[in-house]
Amino acid sequence: MTDITGQITISSSRLSEIKKAAENLLEFKKAIEQSLSEKATQLIELIFGGSLILNASDIHFEPEEEKTRIRLRIDGMLYDAAALSEEIYNVLLSRIKLLSGLKLNISDRPQDGRFSINIDGSAIEIRTSTLPAEKGEAAVLRILNPKSLIGVESLGLREDLSEIIEREIKKPNGMIIVTGPTGSGKTTTLYAFLKKIQNPEIKIITIEDPIEYHLQGVSQTQVQPDKGYDFASGLKSIVRQDPDVILVGEIRDVETVNIALQAALTGHLVFTTLHTNDAAGTIARLISLGAKPSNIGPAVNLTIAQRLVRKVCDKCVSLVKISAEDLQKLNKELKSLPKTIKAAKLTLSSKIPKANGCKYCNSTGYKGRLGIYESFLIDDEIEKFIIKEPSIAALKEMAVKKGMVTMKQDGFIKVLKNSTTIEEVERVMGE
């Protein structure tokens, strides 16, 4: 694990100043422009303190021909925050490198490091990544804010899905797989599961790359491939540590998948992630990695696919009459919903949310995010079907027949609950 070598402490009085300056993105931009003549320490405090207040997950420094752009990722979208001269950026970058324990004289190859910010009595870790780019050295800083650690109740699960998950995560053995692209909230979901089941009577061990958040009462380890400690070798060692629950950050190769499946078959509850587009793709991905279909069915309990959509801003959202086009779209998508899922009946007089935009949400119309999900349980019928190595389409068709709600349907159900918009669901899932 990369050591956290440096710390920034932002005092309460300085934090109060930054809160006023970072009330919204527009004010934050002005504050940075006005602070460009200040010392590097004060500018860094403003950039990091303001980014935290604006709930940014990443800070991007992107060198261009004459300036370096600072962009913030807020609710999954990138927004311009400032432009720095080459001279100011070089001073800032040197300071960030020192804090992160990176070598100052190396700019021709990537480097990774960490530091922390002490703010409001809590330490927030910052993960630093630098990369040689065409116009200079680019840097991305990931903010690992403990506030991102949420409970199962805050994931945005439908009631029926929440009941299934709560039942499955309490089982003594088997595997639960969460899938989705990078940045879709998989780690947040798995950590929420761990928080839910954690108690002094069970031993939980994780192997991650890297450890993103620290969970009390959980033994967390990080892969170190340069020292021969990868997911496969780490998992072998973990199984010998008498765990009840194992979290494998990601399954990437045949050895890891086989050890994880064996662990699930021999009395351990295993949580893990895969990179696939949907829940049905999980089985095909496991087979392509080299897992035997005869092992997958008995070992895997539940597969979940997810994406994150932005929530409408509750300060400026308005409800508008649905258009004929949107009515047709929603009715077409939701007509195949299982009878057990209750969704509002739609007519031309129905109203749906419209994102408007105000100071509070940086004029985007959205504030915060929630998950949209699809999942299916591996029952006896699906287990037998997996032996035949079905296509993703065939497996998805069977899962839908057995009552699976697709991610897009889940997104549209959340539109009917006034949580997000049709446009946002289509942005994430496609039209």
Side-chain angles (χ1 to χ4, degrees), residues 1-5 101 112-114 125 127 142 144 146 149 168-179 182 186-276 282 285-304:
M1 179 176 171
T2 311
D3 291 329
I4 299 173
T5 54
D112 296 302
R114 287 186 176 217
E125 289 181 29
R127 199 164 74 214
R142 164 65 58 90
L144 302 173
L149 279 174
E168 293 301 316
I169 63 177
K170 287 173 183 171
K171 285 189 174 175
N173 58 274
M175 186 185 286
I176 294 175
I177 304 173
V178 180
T179 79
T182 302
K186 298 185 297 293
T187 303
T188 301
T189 297
L190 288 182
Y191 277 27
F193 293 172
L194 290 185
K195 281 181 75 179
K196 184 73 178 176
I197 63 170
Q198 184 185 0
N199 71 65
E201 294 169 4
I202 63 169
K203 179 159 185 170
I204 301 172
I205 306 180
T206 76
I207 180 162
E208 304 170 63
D209 181 23
I211 295 170
E212 296 209 5
Y213 302 102
H214 298 287
L215 290 168
Q216 204 149 5
V218 174
S219 301
Q220 293 174 270
T221 69
Q222 180 168 311
V223 297
Q224 296 183 66
D226 54 327
K227 296 179 182 175
Y229 186 72
D230 55 17
F231 278 114
S233 62
L235 194 48
K236 278 181 188 171
S237 301
I238 285 171
V239 172
R240 292 194 289 269
Q241 290 282 309
D242 189 30
D244 297 289
V245 180
I246 302 168
L247 184 149
V248 184
E250 187 187 338
I251 288 180
R252 300 174 182 168
D253 55 65
V254 61
E255 195 176 2
T256 309
V257 72
N258 285 331
I259 300 166
L261 287 170
Q262 283 306 311
L265 288 166
T266 54
H268 305 89
L269 183 61
V270 180
F271 296 140
T272 191
T273 72
L274 271 179
H275 285 279
T276 66
T282 308
R285 178 77 179 126
L286 291 174
I287 292 169
S288 73
L289 283 169
K292 292 179 181 175
S294 58
N295 284 339
I296 295 170
V300 179
N301 294 352
L302 179 69
T303 70
I304 304 164

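Every value quoted in this text rests on a predicted model; they were computed, and no experiment measured them.
Between Leu247 and Ile204, every side-chain heavy-atom pair lies at or beyond the 4.5 Å cut-off. Side-chain atoms of Gln241 and Ser219, non-hydrogen and from C-beta on, never get closer than 4.5 Å to each other. With a 4.5 Å cut-off on side-chain heavy atoms, His275 and Thr182 count as touching. A 4.5 Å side-chain heavy-atom check between Thr256 and Thr272 finds every atom pair outside the cut-off. For the pair Ile177 and Arg285, the minimum side-chain heavy-atom distance is 4.5 Å or more. For the pair Val245/Val218, no side-chain contact is recorded, criterion being any heavy-atom separation below 4.5 Å from C-beta on.
A donor-acceptor pair under 3.5 Å links the side-chain atoms of Gln222 to the main chain of Ile211, judged by distance alone. With hydrogens and angles ignored, the 3.5 Å screen pairs a side-chain donor or acceptor of Thr273 with a backbone N or O of Gly249. Not one N or O on the side chain of Thr276 forms a donor-acceptor pair closer than 3.5 Å with the backbone of Thr179. The closest donor-acceptor contact from the side chain of Asn301 to the backbone of Asn173 lies under 3.5 Å.
Within the model, atoms CD1 of Ile296 and CD1 of Ile287 stand 4.5 Å from one another, a figure rounded to the nearest 0.5 Å. Here the CG-CD distance, from Asn295 to Gln262, works out to 5.5 Å after rounding to the nearest 0.5 Å. The OH atom of Tyr213 sits 14.0 Å away from atom CG of Leu194, with the distance rounded to the nearest 0.5 Å. With values rounded to the nearest 0.5 angstrom, Lys195 atom NZ is found 14.0 Å from Leu190 atom CG. With rounding to the nearest 0.5 Å, the separation of NZ in Lys203 from CD1 in Ile205 is 4.5 Å. Once rounded to the nearest 0.5 Å, the distance linking CG of Leu286 with CG of Leu261 reads 6.5 Å.
The two atoms that bring Val270 and Ala260 nearest to each other are CG2-O, 3.9 Å, heavy atoms only. Taking every heavy atom of both residues into account, Gly217 and Gln198 meet most closely at CA-NE2, 3.6 Å. Among all heavy-atom pairs drawn from Lys171 and Leu269, the shortest one is O-CD2, 3.4 Å. Heavy-atom minimum distance, His214 versus Gln220: CA-OE1, 3.3 Å. Listed here is the closest heavy atom pair of Glu212 and Glu208: N-OE1, 3.9 Å. Residue Ile251 comes nearest to Leu289 through the heavy atom pair CG2-CD1, 3.7 Å, listed as atom of the first residue, atom of the second, then distance.
Enclosure of atom CG in Asp242 is not indicated, since only 12 or fewer non-hydrogen atoms of other residues, nucleotides or ligands lie within 6.0 angstrom.
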If you look only at distance, which donor and acceptor atoms sit under 3.5 Å apart when one is on a side chain in residues 229-239 and the other is two or more places apart or in another chain?
from: Tyr229; atom 1: OH; to: Thr221; atom 2: OG1; distance (Å): 3.1
from: Asp230; atom 1: OD1; to: Ala232; atom 2: N; distance (Å): 3.3
from: Asp230; atom 1: OD1; to: Ser233; atom 2: N; distance (Å): 2.8
from: Asp230; atom 1: OD1; to: Ser233; atom 2: OG; distance (Å): 2.9
from: Ser233; atom 1: OG; to: Gly228; atom 2: O; distance (Å): 3.0
from: Ser233; atom 1: OG; to: Asp230; atom 2: N; distance (Å): 3.0
from: Ser233; atom 1: OG; to: Asp230; atom 2: O; distance (Å): 3.3
from: Lys236; atom 1: NZ; to: Glu255; atom 2: OE2; distance (Å): 2.9
from: Ser237; atom 1: OG; to: Ser233; atom 2: O; distance (Å): 3.2

